[in-house]
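Okay, structure first, notes after.
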Amino acid sequence: MLKFLFNGLLRDKSRSLLPVIIVTVGVMITVFLHAYLTGVLTDSIEVSAKLTTGHVKVTTYGYEQNSSQQPNEFAMDDVEQLVEELNRDYPDIEWAERILFGGLLDAPDSTGATRAQGNVSGAGVRLIGSDAEIERMDLQTKLFSGRFPEQPGEILMSNDLFVRMKLAPGDVVTLISSSMYGDMAMYNFTVCGTLHFGVAALDKGMIIADIADIRRALYMEGAAGEVLGFFPEYYDDELGLQLQTEFNSARLDKEDAYSLVLTPMSKAEGIDFLISYSNYAGLVVILIFVFAMSIVLWNAGLLGGLRRYGEFGLRLAIGETKHEAYASLVGEAVLIGLIGSVIGTAFGLLLSYLMQHYGLDASSMIKDSTLMMPTVFRARITPETYFIGFIPGVLSTVIGAMLAGIGIYKRQTAHLFKELEA
Amino acid sequence: MQSIVEVQQLTKKFPVGTGFFTALKEIDLSFTRGEFAGLVGPSGSGKTTLLNIIGSLDIPSSGEVVVMGNSVSRLTARQAALLRKQQLGFIFQNYNLLPVYTVYENVEFPLLLLNLSASERKSRVLETLEWVGLTDKINSRPAELSGGECQRVAIARAMVKRPVLVLADEPTANLDSVNSHNILKTMLRLNEELKTSFIFATHDEKVIAYLRRIIRLEDGRVVADEQVTPTNT
Ligand SMILES: Nc1ncnc2c1ncn2[C@@H]1O[C@H](COP(=O)(O)OP(=O)(O)OP(=O)(O)O)[C@@H](O)[C@H]1O
Ligand SMILES: [Mg+2]
């Protein structure tokens, strides 16, 4: 009997080939879209992690509570010791100290009077002696002119601000900010290079200097506002949350603003939405395609619609029950769904692989965005990519067949014959 | 004679708009084994409706129809399917062969539902195709056959499970005179050799000439029921 039905399916191209093609195309697009969305969202998350949040971030509790104000009065002392401990406890994670601060940048003329001024937000990261942070923050591609700091006292600034302040390479600028203790702090830097991020917020007024210089400038010897932790690969929220529980139960004391707290990036302000998006992206794609493909398959009448009432009338006359006829219709649909899903997934994976390998350089398209986005769009194949297409593939054919097959139930048996005789 | 179909006070009403249309009115009939009978009457007189109810494809509105001991109105869907599967054969005006299957497969299909072994199926299909004279067309598709050949495949499909009763609704309506006579002769022979009962619904004079019992329907009533000597044997 199965062989009989299978033969019928194979020979009737409109029942097999066409639906399989539709399912294949739908599944292929689903798989590709899923890999693409996962890729772009993952990269966006990674860009944010590398520039601002880390995969996890260790700060004092007081700093974390007021993090938007970069409250360096709550900075951590004796960071060297802390990083040593972190390296010992979590050897798989790379730790990087950073200091964020705000201030005023002043360009004096030859007499020492102010020639130009600009508000800046700054970051002290390790630039001299190690390239790790330069690579992590992808500063190489952001370097617009000049070079990276090579000796103490050199600074990078965003090119827009550089132009606005009418500076020239090698000019001396004065950073006016507040020290860790709340006093005014002033420090002279030499501009050695400029950066262009393509993100309005950063290009408006950003300076980056070696963390040792910033410590000197802000009287923060041995201190840092934050220590960022980076996982070996992509962000993994399960791990992040686990570290949070582990670390905080050992270190955090909410009565003590100077006790340490670890924040995974999914709990960081402004990033949480990205991470939930990436969790739901797959679901949304699947729902859309289940819906769209079911409608197409049903309306195309390809899964035992009107065209086959005659056949079903006959089968009922020969002695099948409606249940059996309906079940075989759905069984056919499952088979078609599976075949289409296998082929579609294969093609989808191929496309995703190409997109993962080569990427799509969108830097010319996103000149000035407000979001920190990756400039090369890449797909990302995850274990999910392999099976995600089967959900819309099989569901849509089954739903399509069930909708089409309702006619068998709705019509009285004798009516099926009316159609059969027409 | 053993009775295979008992129809008592059968009335069939169809809902039409807000009311009902009565297609069959208080019909009393009885068929015995081995009959070659026909329901004859003008279009709309209720022939197909009666045939469908006897075939347990439809149910009476009132009255009783008992087919081989089963009351049609009391059968579950499963029981009705079982009755059709084991005891009844259907032949239609437009053959209703499955286009994607070969002659052999079309005839084999009812046996698949009966779960017969492959060798049993094969010998039965070949034997049946021999009865209807189609052994040379075993691997043809319906589209490659003439109308008469198609109807012979349909007869083979109805006969292959050796049903007690074959219901044939206008089996010759799409056939020319030569083919009609061939078909009827084939069925008559099967009736005589295998004692299979045939009930036709028809208004074709060629069919009527073969019948041994003519039941005349008019407006859903039986107006005559007579045993006749076939004029065409
Ligand atoms: N499902 C239905 N709903 C409403 N009316 C119906 C239905 N089926 C049949 N009828 C009506 O019942 C009457 C008898 O129909 P039936 O098909 O039995 O006639 P028939 O004798 O087979 O005619 P024909 O020779 O044209 O095939 C007709 O008037 C038909 O319109
Ligand atoms: Mg009729």
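Sequence lines set the chain letters: A, B, ... in the order given, protein chains first and strands last, and positions in each chain run from 1.
B:E218 CD: 12 or fewer foreign heavy atoms inside a 6.0 Å radius. By the neighbour-count criterion of 12 heavy atoms within 6.0 Å, atom CZ of B:R162 is densely surrounded, having more than that number from other residues, nucleotides or ligands. With a 6.0 Å radius and a threshold of 12 heavy atoms from other residues, nucleotides or ligands, B:M68 has its CE atom above the threshold. Crowding of B:D219 atom CG: a count of heavy atoms from other residues, nucleotides or ligands under 6.0 Å not exceeding 12. Surrounding NZ of B:K25 are more than 12 heavy atoms belonging to other residues, nucleotides or ligands, all under 6.0 Å away.
The CZ atom of A:R315 lies 8.0 Å from the CG atom of B:L98; values are rounded to the nearest 0.5 Å. Distance check: A:I318 CD1 to B:L88 CG gives 12.0 Å after rounding to the nearest 0.5 Å. Distance CG/B:N96 to CD/A:E311: 10.5 Å, rounded to 0.5 Å. Separating the CZ atom in A:F4 from the CG atom in B:N106 is a distance of 6.5 Å, to the nearest 0.5 Å.
When each of B:L112, B:V100, B:L97 is checked for heavy-atom pairs under 4.5 Å with chain A, B:V100 comes out on top.
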Stepwise side chain to side chain contact (heavy atoms under 4.5 Å, CB included) test for A:L314 and B:F92:
CA-CA 10 Å; A:L314 178 82; B:F92 309 93; 3.6 Å; yes
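Minimum interatomic distance between B:R84 and A:G319 (heavy atoms only, all atoms of both residues): CB-CA, 4.2 Å. Closest heavy-atom contact between A:L5 and B:Y101: CA-OH, 4.0 Å. Contact between A:T321 and B:A81 at its shortest, heavy atoms only, is CG2-CB, 3.4 Å.
Classification of B:E105 and A:R11 as a salt-bridged pair holds, one side-chain N sitting under 4.0 Å from a carboxylate O.
Only the side chain of B:R141 comes within contact range of chain A, with at least one heavy atom under 4.5 Å from a heavy atom of that chain.
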